[in-house]
Structures are given as structure tokens and as C-alpha cells.
Amino acid sequence: MNITDTIQSGVVQAVKSLYDADVTADSVNLSPTRKEFEGDYTVVVFPYTKLARKKPEQIGEELGQYLKDQVAEIADFNVIKGFLNLEVSDSFWTAFLDDIYAKEDFGRQPANGQKVMVEFSSPNTNKPLHLGHIRNILLGWSTSQILDAAGYEVVKVQVVNDRGIAICKSMLAWQRFGEGATPASTGQKSDHFVGHYYVKFEQAFKEEYKAWQASEAGQQAFASWKADEKAVKKAEKALEEKIRKAKGKAEREGKTFDPAEYTLEKHFFGSIYKNTYFNEHSELGQAAKAMLLKWEAGDEEVIALWKQMNDWVYEGFDETYERLGVEFDKLYYESNTYLLGKDTIKAGLQDGVFYEKEDGSVWIDLTDAKLDHKLVLRSDGTSVYITQDIGTAQERYKDFGVDKMVYVVADEQDYHFQVLFETLKRLGEPYANGLYHLSYGMVDLPSGKMKSREGTVVDADDLMAEVIAEARQNTEERDTLNDLGKAEREAIIRQIGLAALKFFIIKVQPQKRMVFDPKESVDMQGQTGPYVQNAYVRIQSVLRKGGEQDLQAAAEYTTLETIEKALAGQLYAFPGVIQEAAANYDPSGVANYCYDLAKQYHRFYHDFSILNAESDAAKAFRLKLSQAVAHTLKTGMQLLGIEMPARM
RNA sequence: GGCUCUGUAGCUCAACUGGAUAGAGCACUUGACUACGGAUCAAGAGGUUUCAGGUUCGAAUCCUGACAGAGUCACCA
């Protein structure tokens with residue numbers, strides 16, 4: 001039985017015997033004691049004032065005395081206002097440490113027999129991965145590791161969006177402007193090579209569109225739209241809102257606001273008409289669409305080109321994934337799954353889950369779940385995004401029989417997943433109650449939103465190279481690794497750089513939008529990944545020098561320093577941290593836990609000598625404590641996908 | 001306009017899910033190694049938790065209403 005349960009049930013008994021009232025163990029408000037007070041755990045006694053009809057201080061005293069008398073692990077207590085601070089006996093902590101210090105897997109839970117699938121990354125294949133993908137991948141990976149540590153069997157998958165208009169754009173641009181170039185011939189990383197042609201397409205389209213805007217046809221389109229008073233009025237309103245926001249933003253950032261950028265004409269061509277132009281007038285747009293149709297028809301030449309482009313991209317992605325240290329158990333390709341789900345819709349139509357409109361389109365009415373009516377099949381019988389998501393979910397269940405599915409997807413799709421999950425529920429899918437959308441906020445730069453069109457995206461490969469370069473520079477300044485071979489040194493430098501990057505991103509709660517400052521992300525001091533690594537490295541250094549010590553002597557160490565108890569208490573909390581992170585699908589708590597533990601250890605290390613401790617008993621005890629901290633830090637950081645070097 | 005998320009120190013983030021005097025890091029100021037790794041430690045300064053009400057013994061946290069930012073409301077994905 002663990003100590004928190006022991007205390008809680010002790011309080012239940014105390015309340016029963018002292019006040020003849022029944023409370024549940026769950027309701028006992030128990031938390032670690034704040035560091036400015038004496039004690040290890042604190043019980044809040046305010047809730048018992050009514051049933052005891054006494055003052056909080058008095059209740060605290062009575063409960064404290066009862067626990068001290070009846071519960072062996074409680075050595076002492078004090079009461080401040082309505083807070084009962086309990087002191088756990090030193091022998092409890094030494095026994096606990098004795099139990100865990102040699103366990104490298106401390107904190108991990110035994111298998112619980114449940115299977116969960118985590119989907120993450122899921123890129124488009126027309127351009128390389130960027131900072132946004134990195135947040136997604138780190139969240140997905142660490143959540144997978146955490147679920148695994150919490151006892152689940154985890155299946156990691158990604159959906160590769162390998163078809164559609166976007167990849168056709170890259171293909172077309174390569175065909176027209178590529179002149180037979182290949183990644184090998186240009187020396188470019190192959191996914192960047194493909195992305196280059198995507199950008200090329202967008203540039204060419206932009207030029208084409210701009211020329212058309214000035215042409216007679218373009219001006220006429222604008223003029224005829226302008227005749228529609230209602231539409232113009234609506235657009236003017238939207239434009240006003242846009243201007244107001246832009247002005248506010250310029251003001252906040254101390255920049256000048258240029259009203260010439262916000263004319264009605266620019267708004268019309270930029271926001272309102274762009275899709276229409278692409279679909280109906282653009283030569284490039286027509287060509288890209290024609291290519292998509294040919295792809296769907298299975299045209300050999302187009303398919304061959306498509307395969308070539310995608311292969312290039314995959315080669316590049318694999319490299320990036322490997323550098324990041326992530327891998328998947330199975331990949332689903334949209335080109336294989338995009339037709340799934342139609343049969344389910346038809347069957348659901350029979351069962352009355354869906355309804356059909358006169359034009360033949362199929363819908364689901366979710367108004368009683370506070371959602372809307374949602375189209376699930378077009379009037380021409382073709383599928384939409386949600387159709388294939390329904391089919392894919394069923395496919396995955398067939399493949400793996402999972403109890404839960406976690407989708408790591410940005411918060412712009414919150415509504416989509418609400419609709420999807422509700423629909424699957426109504427279809428009676430067996431896994432419907434185990435669906436979770438791990439929604440996360442977009443990553444902003446200090447300069448504002450990332451926009452691929454404006455070239456303000458932070459490339460994943462560049463970013464990793466940058467943090468590693470910074471780690472290299474820091475390492476060279478210290479010359480602590482000079483005796484190592486180059487390969488070994490580089491491996492450590494890589495671990496340090498990636499620790500900085502990963503920790504910086506994972507420490508923020510998923511649902512929050514985060515500001516990513518590249519300058520801060522390469523920081524290696526303070527609340528950072530390398531700071532945590534440093535605590536681990538210090539311990540390794542101590543263990544190398546004092547590892548021969550016979551740890552039996554620790555048994556004679558019976559009076560712990562405050563900070564030693566605090567460290568033991570923190571270690572004790574680790575399994576709970578993992579369980580909570582798993583239950584909430586939130587790795588940020590693990591990151592913050594690792595930081596707190598490292599910080600506490602750094603302080604302990606500074607204030608007390610380990611190898612030159614006052615007695616053999618103290619030395620042995622502190623070695624055990626250090627070893628336990630090292631294991632815990634290593635496990636915790638491993639859950640975040642961060643490796644711990646033995647030296648740095 | 002409807003719905004959802006967010007708003008905490010100059011900046012980046014916490015706050016054990018309703019508990020004590022709201023905590024860290026960065027930046028700034030000042031200290032600490034002839035001792036186990038200074039990527040460290042300690043100290044100082046920095047707050048009307050966006051605002052106004054409400055519930056409660058107790059609110060950054062829950063409720064209502066404003067305000068601000070973001071997202072979404074496609075026979076797009």
C-alpha cells in the first residue's frame with residue numbers, strides 16, 4: 001500500500017472514530033507539503049469543520065494526533081490554520097529508496113492488457129517537414145512512450161497524405177521547370193528537392209494570376225462582382241475587420257501600417273476570387289487538376305511520376321525521422337484509404353444513422369449533440385474528408401483491434417474530430433469510447449504566424465542542425481570531451497542539441513499556442529533539456545568515482561536531511577506523474593517533473609558532499625539516492641524522446 | 001454573428017485539477033569553487049493572475065457578463 005493511500009484511509013478512520021462521520025478516501029484532500037512549511041504531506045481539514053463542528057485548528061490537532069498514534073509511517077505533525085502537515089518517518093524513506101535505487105525501470109507500470117493506437121506526424125508529401133510537424137511528432141512520440149510506460153501496448157502510426165492537388169502541383173512544376181533534375185544531380189536533400197518545385201508552382205501561379213488581374217478579363221471579373229451590392233457590402237465588412245486587426249497588430253509591434261495593402265480590389269483577388277480563378281481560369285490550375293484526374297484514372301505516366309516524387313520525399317522524411325529519433329509501426333497511405341468509408345455510409349443510411357437529401361447527398365444530423373448537420377457523401381456519390389476518416393478508423397480496428405485511438409492533430413481540426421467521434425459513436429463502433437483528439441496549438445514565431453507562402457516557415461532539418469551547432473560550440477568552449485573520439489563526441493553533441501529543442505517544445509501544455517523563439521530554443525542553461533542532462537551527468541561522474549563503495553552502510557543512516565527527504569518524496573511521486581500524463585495525454589507534466597527533480601538534485605549536490613560525506617553511512621545513502629535520481633531522470637526524459645549522455 | 005481554445009512578472013512557461021505568502025527560467029543587479037563537473041548554486045528586484053460581478057471557510061482555477069488574441073462554422077483536406 002502506498003503512503004498517500006495509507007494517509008487517506010487513516011483520515012477516513014480518524015474521522016469515523018473521532019466525529020462518527022463517513023467520508024470517502026478519495027475526498028481526503030492530500031498534497032505534498034509546500035517547501036516553506038515543515039512536513040511531507042498536507043491534509044486540508046476545512047471540509048471537516050461542518051461535520052465535526054469544531055475549529056479547523058482543533059480538528060487538525062485531533063486528526064494529527066490520531067494519525068501519529070495509529071499510522072506507523074507518520075512520525076510527527078504540525079498544524080497551521082486549517083492545514084495538517086504530516087511528517088513521514090525517515091525509516092519509510094530509507095526503505096523506499098532501498099527498494100528502488102537499483103531498479104532502472106522504476107516508475108513503469110506492468111502491462112494492463114489494453115491496446116492503444118497513436119497517430120501522429122501525418123505529413124503531406126509535397127514539401128519537407130517544418131516546425132509545426134516537429135511539435136506534432138514530439139507530442140505523438142512522447143505520448144506513445146508515456147502510454148507504453150503506463151502499461152498500454154502502443155501502436156504508432158501515421159497517415160501519409162500522398163495524393164491530391166498538392167502533390168500534383170509539385171509534379172507539374174517538376175515536369176515543366178525541372179529539366180530532368182534529380183536530388184542527386186542537384187545535391188539537394190530529396191524532400192527539399194520536391195518542396196522546391198511546390199514553391200516554384202506557387203510562384204508561377206502567383207505571376208500568372210497577377211498578370212490576369214491586370215488583364216481585361218480580370219478587370220471584368222472584378223467589375224461584375226462589384227455590381228453585386230450584397231456581396232460587396234459583405235466584403236467591405238470583412239475587409240474592415242481585417243484592417244482593424246492589421247492595424248492593431250502593427251501598433252503592438254511598433255510597425256507602420258500600410259493602407260494601400262488593403263484595398264477592396266486586393267481583398268477580392270486575394271481572398272474571394274482566388275479559388276475560382278484557380279479552378280476556372282488558371283492554365284496552371286487546369287493542368288494540375290487534369291493531372292489529378294489522370295492520377296485517379298490510373299494513367300501510367302502520371303502514376304510513374306507520382307511514385308518517383310513520393311519516393312524522393314520518403315527518402316528525405318526517413319532521414320529527418322531518424323535524426324529526430326522517432327519511428328512508426330505502420331504507415332497508412334491516403335492513396336490506399338481515400339475511397340474507404342462509402343460502404344459504411346450506405347449501411348448507416350439503412351440503419352437511419354444518416355439521411356439522404358433530394359439531390360442524393362448524404363448527411364448526418366448531429367444537432368442534438370450540439371453539433372450541426374454534416375455532409376458525409378457528395379451528391380455525385382464521391383467521398384469527403386470525413387468519409388475516409390470513418391473508413392480508416394474501421395480499417396485500423398480491423399488491423400489491430402485497439403481499445404483506444406489517439407489522433408495528434410492541430411487544434412484547427414477540433415470541430416472535425418468532434419463530428420467524427422460522434423459519428424463513429426452513432427455507428428456503434430466498439431472503440432468509439434476510446435477515441436481522443438490530442439489537439440495542440442499552433443507554433444508561432446516571435447515575428448508572428450508561420451506562413452509557407454511568405455517563406456517564414458522554420459524548416460525541421462535546419463532547426464535541428466542549428467541546435468546541434470549551438471551544442472557543438474558550447475561543448476568546444478568547455479573541452480570536457482576532448483579525450484573522446486570524434487564519432488562519440490558528435491553523438492553526445494547531437495543528444496545535447498536535440499535535448500534543448502525537444503524539451504523546449506514539450507514543456508508547454510499541448511492545448512496552448514506556443515511562441516517559438518529560435519534564440520531561446522538553443523539555450524542550454526536554466527529550465528532546459530541540457531540542464532536536466534547535466535544533473536544526470538554529474539551523478540554519473542560521482543558514481544564512476546564512488547561506485548565501488550559498499551552500500552550496506554546506508555542502513556545506519558537514520559536521520560535524513562530535509563532536502564534528502566524532499567528528493568525521496570519527489571522520486572516517490574514519479575509513477576503518479578506517468579499515470580497522470582497517460583490519463584491526460586499530456587507529456588508536459590513529465591518534462592516539468594524532470595526539471596524540478598534535476599533542480600532539487602543540483603541544489604542537494606551543491607549543499608552536501610557525497611563522496612566526502614561525514615560518515616560512511618551518509619555516503620552510502622547518498623550514493624543510493626543519487627542512483628535513484630539518475631534512473632528516474634533517465635526514464636523520465638526517455639519518455640520525452642530525450643537521451644541522457646554519461647558525459648557532456 | 002454561433003461555437004471552441006487561450007489570456008498569469010518585461011519575455012517564455014508552471015501552479016499537483018478549489019487550498020497556505022501565485023512559483024521557475026530568461027533578461028537585469030549582486031554574491032559563491034586550492035571540495036564529488038560552474039551547462040551549477042545562492043540572493044535581490046519584478047504581480048490588482050485582462051476587467052466586472054457571483055458561488056465558497058477559501059478562486060488564477062468553478063459560474064455569468066464584458067474585453068483581447070487565435071481557430072472553426074466548405075459537396076476543401
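None of these values were measured; they are calculated from a predicted model. Atoms considered below: every heavy atom in the structure, side chains included; atoms not considered: hydrogens, waters and symmetry mates. Quick note on labels: first sequence line is chain A, next is B, and so on, each numbered from 1.
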How long is the line joining [atom1] of [X] and [atom2] of [N], in whole Å?
{"X": "A/F417", "N": "B/rU72", "atom1": "CZ", "atom2": "P", "result": "14 Å"}
{"X": "A/D372", "N": "B/rC3", "atom1": "CG", "atom2": "C1'", "result": "10 Å"}
{"X": "A/E412", "N": "B/rG71", "atom1": "CD", "atom2": "P", "result": "9 Å"}
{"X": "A/F604", "N": "B/rA42", "atom1": "CZ", "atom2": "P", "result": "14 Å"}
{"X": "A/D411", "N": "B/rA70", "atom1": "CG", "atom2": "P", "result": "13 Å"}
{"X": "A/I386", "N": "B/rC73", "atom1": "CD1", "atom2": "C1'", "result": "14 Å"}
{"X": "A/L371", "N": "B/rU72", "atom1": "CG", "atom2": "P", "result": "17 Å"}
{"X": "A/Y536", "N": "B/rA39", "atom1": "OH", "atom2": "P", "result": "18 Å"}

Rounded to the nearest 0.5 Å, what's the gap from [atom1] on [X] to [atom2] on [Y]? Could you check?
{"X": "A/L623", "Y": "A/I539", "atom1": "CG", "atom2": "CD1", "value": "10.5 Å"}
{"X": "A/Q473", "Y": "A/M524", "atom1": "CD", "atom2": "CE", "value": "9.5 Å"}
{"X": "A/Y536", "Y": "A/L633", "atom1": "OH", "atom2": "CG", "value": "9.0 Å"}
{"X": "A/K342", "Y": "A/T382", "atom1": "NZ", "atom2": "OG1", "value": "6.5 Å"}
{"X": "A/N534", "Y": "A/M648", "atom1": "CG", "atom2": "CE", "value": "5.5 Å"}

Could you check whether [X] gets within reach of a base, just the sugar-phosphate, or nothing at all, counting any heavy atom under 4.0 Å?
{"X": "A/I496", "result": "base"}
{"X": "A/Y593", "result": "nothing"}
{"X": "A/T480", "result": "base"}
{"X": "A/S439", "result": "nothing"}
{"X": "A/K35", "result": "sugar-phosphate"}
{"X": "A/S361", "result": "base"}

Pairs: protein N or O with nucleotides 11-19 of chain B N or O, under 3.5 Å:
from	atom 1	to	atom 2	distance (Å)
B/rC13	OP1	A/V515	N	2.8
B/rA14	OP1	A/Q509	N	2.7
B/rA14	OP2	A/K512	NZ	3.2
B/rA15	OP2	A/Q509	NE2	2.7
B/rU17	O4	A/E580	OE2	3.4
B/rU17	O4	A/N584	ND2	3.0
B/rG19	N7	A/N29	ND2	3.1

Look at [X] and [N] and indicate whether a side-chain polar atom (N or O) is within less than 4.0 Å of OP1 or OP2.
{"X": "A/K545", "N": "B/rG37", "answer": "yes"}
{"X": "A/R603", "N": "B/rU40", "answer": "no"}
{"X": "A/K81", "N": "B/rG58", "answer": "no"}
{"X": "A/K370", "N": "B/rC73", "answer": "no"}
{"X": "A/K599", "N": "B/rG25", "answer": "yes"}
{"X": "A/Q511", "N": "B/rU6", "answer": "yes"}
{"X": "A/R622", "N": "B/rC36", "answer": "no"}
{"X": "A/Y531", "N": "B/rC41", "answer": "yes"}

- Upstream residue (5' side of RNA chain B) when A/A598 and A/R647 are each assigned their closest nucleotide: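 Its nearest nucleotide being more 5', the pick is A/R647.
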
- Report the residue (A/K449 or A/D380) whose heavy-atom-nearest nucleotide on RNA chain B is the more 5′ of the two. A/K449

Donor/acceptor link under 3.5 angstrom from [X] side chain onto base of [N]:
{"X": "A/S379", "N": "B/rC75", "value": "yes"}
{"X": "A/T42", "N": "B/rA20", "value": "yes"}
{"X": "A/N85", "N": "B/rA20", "value": "yes"}

- Message: From C-beta outward on A/I80, which listed nucleotide comes closest to its side chain: B/rG71, B/rA20, B/rA74?
- Response: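 Nearest nucleotide to the side chain: B/rA20.
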
- Query: Choosing from B/rA39, B/rA35, B/rC26, which nucleotide comes nearest the side chain of A/R478?
  - Reply: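 From the listed options, B/rA39 comes nearest.
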
- Task: Inspect the contact between A/R622 and A/E614 and indicate whether a charged nitrogen and a carboxylate oxygen are less than 4.0 angstrom apart.
- Result: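 Answer for the salt bridge query: yes.
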
- Syn or anti for B/rU17, please, going by whether the chi angle lies within 90° of 0.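 This nucleotide is in syn.
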
- Query: Hey, are A/Q570 and A/Q600 close enough side-chain-wise for a donor-acceptor pair under 3.5 Å?
  - Reply: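 Side chains of A/Q600 and A/Q570: pair found under 3.5 Å.
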
- Have A/Q413 and A/Y385 got a donor and an acceptor in their side chains that come within less than 3.5 Å?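 Note: A/Q413 and A/Y385 side chains meet the donor-acceptor criterion.
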
Which value, in whole Å, describes the distance between the [atom1] atoms of nucleotides [N] and [M]?
{"N": "B/rA35", "M": "B/rC26", "atom1": "C1'", "answer": "30 Å"}
{"N": "B/rG46", "M": "B/rA32", "atom1": "C1'", "answer": "23 Å"}
{"N": "B/rA68", "M": "B/rG44", "atom1": "P", "answer": "40 Å"}
{"N": "B/rG2", "M": "B/rA14", "atom1": "P", "answer": "29 Å"}

- Residue A/K634 excluded, over 12 heavy atoms near NZ under 6.0 Å: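 Not more than 12 within 6.0 Å, no.
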
- Task: Check the geometry between A/Y605 and B/rC36 and answer yes if their rings are stacked (centres below 5.5 Å, planes below 30°), otherwise no.
- Result: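 Base of B/rC36: stacked against A/Y605.
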
- Query: Can you give the dot-bracket line for RNA chain B, where a pair is Watson-Crick or G-U wobble with both atom distances under 3.5 Å, crossing pairs use [ ], and | marks a partner on another strand?
  - Reply: (((((((..((((.....[...)))).(((((.......))))).....(((((..]....))))))))))))....

- Ring-face cation of A/R135 near A/Y440 (centre distance under 6.0 Å, axis angle within 45°): no

- Considering all heavy atoms of both residues, which atom of A/L375 and which atom of A/W363 are nearest to each other, and what is their separation? N-CE3, 3.3 Å

- For A/L420 and A/I390, what are the C-alpha separation, side-chain angles and deciding distance, and is it a side chain to side chain contact (heavy atoms under 4.5 Å, CB included)? CA-CA 7 Å; A/L420 175 65; A/I390 292 167; 3.8 Å; yes

- Query: So among A/Y415, A/Y407, A/F417, which one has a ring-ring contact (aromatic ring centres under 6.0 Å, His included) with A/H437?
  - Reply: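 The single option meeting the ring-ring contact (aromatic ring centres under 6.0 Å, His included) with A/H437 is A/F417.
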
